Amino acid sequence: MSWHAKNEQFNNLIKQVFHAKESEKRAEAARQLGFLQDGRAVNLLCRALKSERDPIVINRIIEALGKIEDGRATLMILEKLEVEINKPETEADKLRIIFIIESLTRIKDKRALKALSYFLTSSDDKLVNLTEKAFDTILPNWRHIIERERKEKSIQDIFELSM
């Protein structure tokens with residue numbers, strides 16, 4: 001595919017993310033932007049993430065940002081994670097949390113470790129396993145760091161200071 005064709009496809013997908021009336025079209029456009037892995041989409045997808053209300057579209061945008069693997073998306077994704085962490089456990093959107101953990105794992109930004117550490121002690125084994133894999137990818141020696149520092153600090157404090 002030529003550069004012009006890719007650029008036209010990119011522009012059409014961005015328009016759909018922001019202007020398509022049907023949520024399915026917005027979700028699919030976000031998904032396709034992730035497959036393109038074009039860094040130009042990061043800021044635009046972050047902006048769409050702020051304004052989007054449909055849960056499926058939000059999940060697709062988070063997934064797309066992870067596929068692009070650009071650290072500029074980390075803080076916006078972490079904002080969505082904070083929303084889920086602050087909900088009562090029974091109201092939290094587990095699927096969204098999974099998308100967030102997987103995306104942050106792909107991005108490999110150490111700024112995510114503090115928020116992700118919340119799930120190391122989750123009652124949900126799947127979330128614990130995903131979080132451990134994220135830590136293994138982002139900071140392979142994390143277990144050693146915890147052992148060394150655990151006597152004086154909480155897990156969140158350890159990873160807040162190690163960046």
Side-chain angles (χ1 to χ4, degrees), residues 10 13-14 17 27 29-163:
F10 174 84
L13 291 171
I14 291 294
V17 166
R31 192 170 157 270
Q32 292 299 320
L33 283 166
F35 290 138
L36 288 179
Q37 295 182 319
D38 189 330
R40 295 179 298 165
V42 173
N43 290 336
L44 293 165
L45 285 171
C46 285
R47 202 170 97 207
L49 192 57
K50 279 184 181 179
S51 61
E52 184 60 55
R53 297 291 166 240
D54 186 276
I56 294 170
V57 180
I58 291 170
N59 290 346
R60 289 289 172 246
I61 292 171
I62 292 168
E63 181 182 33
L65 288 167
K67 287 182 179 177
I68 296 170
E69 299 180 10
D70 190 314
R72 292 177 292 166
T74 301
L75 297 178
M76 181 55 64
I77 294 171
L78 287 175
E79 282 182 28
K80 292 296 181 184
L81 182 59
E82 283 296 319
V83 169
E84 295 303 319
I85 288 173
N86 290 327
K87 290 180 181 176
E89 192 171 339
T90 56
E91 293 178 24
D93 184 342
K94 183 178 172 185
L95 184 60
R96 175 157 310 142
I97 293 169
I98 290 169
F99 278 120
I100 289 171
I101 294 171
E102 289 174 345
S103 290
L104 292 171
T105 301
R106 285 187 174 122
I107 294 171
K108 300 176 186 151
D109 189 332
K110 290 182 181 178
R111 295 176 294 175
L113 294 175
K114 181 180 179 192
L116 287 175
S117 67
Y118 175 84
F119 298 102
L120 287 172
T121 56
S122 173
S123 59
D124 188 310
D125 289 341
K126 183 171 183 164
L127 293 179
V128 171
N129 290 334
L130 273 174
T131 303
E132 288 178 350
K133 287 178 186 174
F135 269 76
D136 288 339
T137 300
I138 298 168
L139 188 67
N141 64 338
W142 68 276
R143 287 180 175 90
H144 176 71
I145 292 169
I146 288 176
E147 284 177 28
R148 188 180 67 224
E149 302 284 333
R150 187 62 191 241
K151 295 171 188 140
E152 301 127 24
K153 302 174 189 166
S154 72
I155 293 175
Q156 285 83 12
D157 288 341
I158 292 169
F159 294 109
E160 181 174 48
L161 300 174
S162 69
M163 294 175 263

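Not measured: the values here are computed from a predicted model.
- Side-chain atoms of Arg72 come within 3.5 Å of backbone atoms of Gly39 as a donor-acceptor pair (strictly under, hydrogens ignored).
- Nearest approach of Arg60 to Phe99, heavy atoms of both residues: NH1-CZ, 3.5 Å.
- Taking each heavy atom of Val128 and Ser122 in turn, the nearest pair found is CG2-O, 3.3 Å.
- In terms of the side chain to side chain donor-acceptor pair (under 3.5 Å) criterion, residue partners of Ser123 (sequence neighbours excluded) are, by chain and number, Glu89.
- Here the OH-CG distance, from Tyr118 to Asn86, works out to 8.0 Å after rounding to the nearest 0.5 Å.
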*Which is it for Met76 and Arg47 under the side-chain contact (heavy atoms from CB on, under 4.5 Å) test, yes or no, and what are the steps along the way?*
CA-CA 9 Å; Met76 181 55 64; Arg47 202 170 97 207; over 6 Å; no
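- Residues passing the side chain to side chain contact (heavy atoms under 4.5 Å, CB included) test with Thr131, sequence neighbours excluded: Ile101, Leu116, Phe119, Leu120, Phe135.
- A distance of 9.0 Å separates CD in Glu102 from NZ in Lys133, rounded to the nearest 0.5 Å.
- Within 6.0 Å of CD1 on Ile56 lie no more than 12 heavy atoms contributed by other residues, nucleotides or ligands.
- Note that CG of Leu139 is 6.0 Å distant from CG of Leu113, once rounded to the nearest 0.5 Å.
- Judged purely by atom type and a 3.5 angstrom limit, Asp54 uses its side chain to pair as donor or acceptor with the backbone of Val57.
- Here the closest heavy-atom approach between residue Ala115 and residue Leu81 is recorded as CB-CD2, 3.7 Å.
- Taking CD1 of Ile14 as the reference point, atom CG of Leu45 lies at 5.5 Å (rounded to 0.5 Å).
- No side-chain heavy atom of Leu65 sits under 4.5 Å from any side-chain heavy atom of Asp70.
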*Kindly indicate, with the supporting measurements, whether the criterion side-chain contact (heavy atoms from CB on, under 4.5 Å) is fulfilled by Arg143 and Asp136.*
CA-CA 9 Å; Arg143 287 180 175 90; Asp136 288 339; 2.8 Å; yes
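- The minimum heavy-atom distance between Ala30 and Ala64, with the atom names listed, is O-CB, 3.1 Å.
- Counting only distance, with no hydrogens or angles, the side chain of Glu84 and the backbone of Asp93 share a donor-acceptor pair below 3.5 Å.
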*asked:* Glu79 vs Leu75, test: side-chain contact (heavy atoms from CB on, under 4.5 Å). Steps then yes/no.
replied: CA-CA 6 Å; Glu79 282 182 28; Leu75 297 178; 5.5 Å; no
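- Put simply, CD1 on Ile138 and CD1 on Ile107 are 9.0 Å apart, with the number rounded to the nearest 0.5 Å.
- Scanning for side chain to side chain contact (heavy atoms under 4.5 Å, CB included) contacts around Val83 gives Lys87, with sequence neighbours left out.
- In plain terms, the two heavy atoms of Ala41 and Ile68 that are nearest each other are CB-CD1, 4.0 Å.
- Atom-to-atom distance recorded for Asn59:CG and Leu49:CG is 9.5 Å, nearest 0.5 angstrom.
- Across every non-hydrogen atom of Leu78 and Arg111, the tightest pair is CD1-O, 3.7 Å.
- Ion pairing between a basic and an acidic side chain is recognised when a charged N comes within 4.0 Å of a carboxylate O; Lys126 and Asp124 show no such pairing.
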*Report the C-alpha separation of Leu44 and Leu33 in whole Å, then their side-chain angles, then the decisive distance to 0.1 Å, and conclude whether the side-chain contact (heavy atoms from CB on, under 4.5 Å) test is met.*
CA-CA 11 Å; Leu44 293 165; Leu33 283 166; over 6 Å; no
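- More than 12 heavy atoms of other residues, nucleotides or ligands sit less than 6.0 Å from atom NZ of Lys94.
- A donor-acceptor contact shorter than 3.5 Å links the side chain of Ser103 to the backbone of Ile62.
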